[in-house]
Amino acid sequence: MDRMGETGESRTDEAELHARRASSFGAEAAAYAAHRPDYPPAGIRWALEPLRGVAAPEVVDLGAGTGKLTDGLLDGGARVTAVEPDAAMRAEFARRHPGVSVLAGSAESIPLPDNSVHALVAGQAFHWFDLPKAFPEFARVLRPGGVLAAFWNMHDSSVEWVAELDRLSRSEVSFQRRAQDSEPSHPLFRPFERSYFPHAHRRTARSLAETIGTHSHVLVVSPEERATILGRITDYLRGQPETRDGEFDLPLRTLVIRTVLR
């Protein structure tokens, strides 16, 4: 029997939409690099804290995209290898990080030897992974006691104008529930811990609309719906006292979850 009244067809449609959204970023690789936020150094330090005895840890940025998380890892002294499935994103990564190796691969098929790295991290990517397949790969590549961590930059919707922005930004394919609302688990790893870190993204009305335009729920809709959403966002921001006059800080909360290989 289908759970909660769902049909097999509806679950298939949901899986197809998930796959479309997961693969939507490459066509906007340059915009992604230009407009997505970085990650707070405090969150990166917390994620790698179990490795505090390791100098210059070897860290793999999984689903690295254009290297937003790689920047912070390098600044923190890590030796980074990037793994990214999309060719356009890899090309943009290589252009921006010529000294960092970026490999074609995925969380489910990591092109690295067994027992070879201290940490695996993912920024805005963990929810796209096929975790039943990925967890054994994580365990294969990590050294004993290695860290697995994931990061999500999220709008701070406790701020009134940000909550309204989120409402106006929704498209017809927006997920009803965030994948990061609960931690996964696997017997090869200890239970996940989570922590939140305050963060901000310096924007204008136009550039914030461009940032939201790189989100998957906007990338996969029709050009007409995309134009409507981005126009609605821009009009709203240009009418708010907090955002109408030049640059402003978009309040963010960065969620970090971490675990250690048993």
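Using a 4.5 Å heavy-atom threshold, the side chains of V59 and V121 count as touching. Side chains of P184 and F192 form a contact here, defined as non-hydrogen atoms less than 4.5 Å apart. Looking at heavy atoms from C-beta onward, L255 lies out of side-chain contact with N153 at the 4.5 angstrom threshold. Side chains of F126 and L148 form a contact here, defined as non-hydrogen atoms less than 4.5 Å apart. Between P41 and D75, the closest side-chain pair of non-hydrogen atoms is not below 4.5 Å. Counting heavy atoms from C-beta outward, L120 and V147 have side chains that stay 4.5 Å or more apart. Taking the side chain as every heavy atom from C-beta outward, P144 and L261 never approach each other to under 4.5 Å. Proximity of V60 to L103: side-chain heavy atoms (C-beta onward) are nowhere separated by under 4.5 Å.
Remark: E160 engages no residue in a side chain to side chain donor-acceptor pair (under 3.5 Å) (not counting sequence neighbours). H201 is linked by a ring-ring contact (aromatic ring centres under 6.0 Å, His included) to nothing, counting only residues two or more places apart in sequence or in another chain. Scored by the ring-ring contact (aromatic ring centres under 6.0 Å, His included) test, Y236 finds no partners at all (sequence neighbours excluded). For T234, there are no side chain to side chain donor-acceptor pair (under 3.5 Å) partners at least two apart in sequence or on another chain. For H97, the ring-ring contact (aromatic ring centres under 6.0 Å, His included) test picks out F93, with sequence neighbours left out. Among residues two or more places apart in sequence or in another chain, the ring-ring contact (aromatic ring centres under 6.0 Å, His included) test is passed with F135 by F138, H186, F189. Scored by the salt bridge (charged side-chain N to carboxylate O under 4.0 Å, His left out) test, D249 finds R202 as partners (sequence neighbours excluded). Judged as a side-chain contact (heavy atoms from CB on, under 4.5 Å), and not counting sequence neighbours, P85 has no contacts. Residues satisfying the salt bridge (charged side-chain N to carboxylate O under 4.0 Å, His left out) criterion with R95, sequence neighbours excluded, are E92. The salt bridge (charged side-chain N to carboxylate O under 4.0 Å, His left out) check on R52 picks up nothing, with sequence neighbours excluded. Judged as a side-chain contact (heavy atoms from CB on, under 4.5 Å), and not counting sequence neighbours, the contacts of S222 are E224, E225. For the side-chain contact (heavy atoms from CB on, under 4.5 Å) test, residues two or more places apart in sequence or in another chain that qualify with R143 are E58, N115, H118.
The backbone N or O of H35 sits less than 3.5 Å from a side-chain atom of T211, completing a donor-acceptor pair. In terms of modelled atom types and a separation under 3.5 Å, the side chain of R90 and the main chain of V102 share no donor-acceptor contact. Not a single donor-acceptor pair under 3.5 Å links the side chain of T214 to the backbone N or O of Y32. Under a 3.5 Å cut-off, the side chain of T259 and the backbone N or O of R190 do form a donor-acceptor pair. In this structure, the side chain of S109 does not engage the main chain of G105 through any donor-acceptor pair within 3.5 Å. Side-chain N or O atoms of K68 include one that pairs as donor or acceptor with a backbone N or O of A33 at under 3.5 Å. E84 contributes a side-chain N or O that, together with a main-chain N or O of D86, makes up a donor-acceptor pair within less than 3.5 Å. Between the side chain of H199 and the backbone N or O of D38, at least one donor-acceptor pair lies under 3.5 Å. Not one N or O on the side chain of R170 forms a donor-acceptor pair closer than 3.5 Å with the backbone of I229. Panel note: side chain R253, backbone P198; no donor-acceptor pair is recorded below 3.5 Å.
A salt bridge does not link R203 to E247: none of the charged nitrogens lies less than 4.0 Å from a carboxylate oxygen.
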Step-by-step side chain to side chain contact (heavy atoms under 4.5 Å, CB included) determination, H155 to D166: CA-CA 8 Å; H155 293 178; D166 286 352; 2.7 Å; yes

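Placement of L73 and Y39 within a single hydrophobic cluster is found when ILVMFWY residues are connected by side-chain heavy-atom separations under 4.5 Å, directly or transitively. A single hydrophobic cluster is not seen to contain both V80 and V83; linkage of ILVMFWY side chains at heavy-atom distances under 4.5 Å, directly or through other members, places them apart. Linking Ile, Leu, Val, Met, Phe, Trp and Tyr whenever their side-chain heavy atoms come within less than 4.5 Å leaves I257 and I44 in two separate clusters.
The six-membered or imidazole ring of W161 lies near that of F248, with a centre-to-centre distance under 6.0 Å.
The CD atom of E137 lies 11.5 Å from the CZ atom of F129; values are rounded to the nearest 0.5 Å.
In the model, S207 has a side-chain atom that pairs as donor or acceptor with a side-chain atom of T204 under 3.5 Å.
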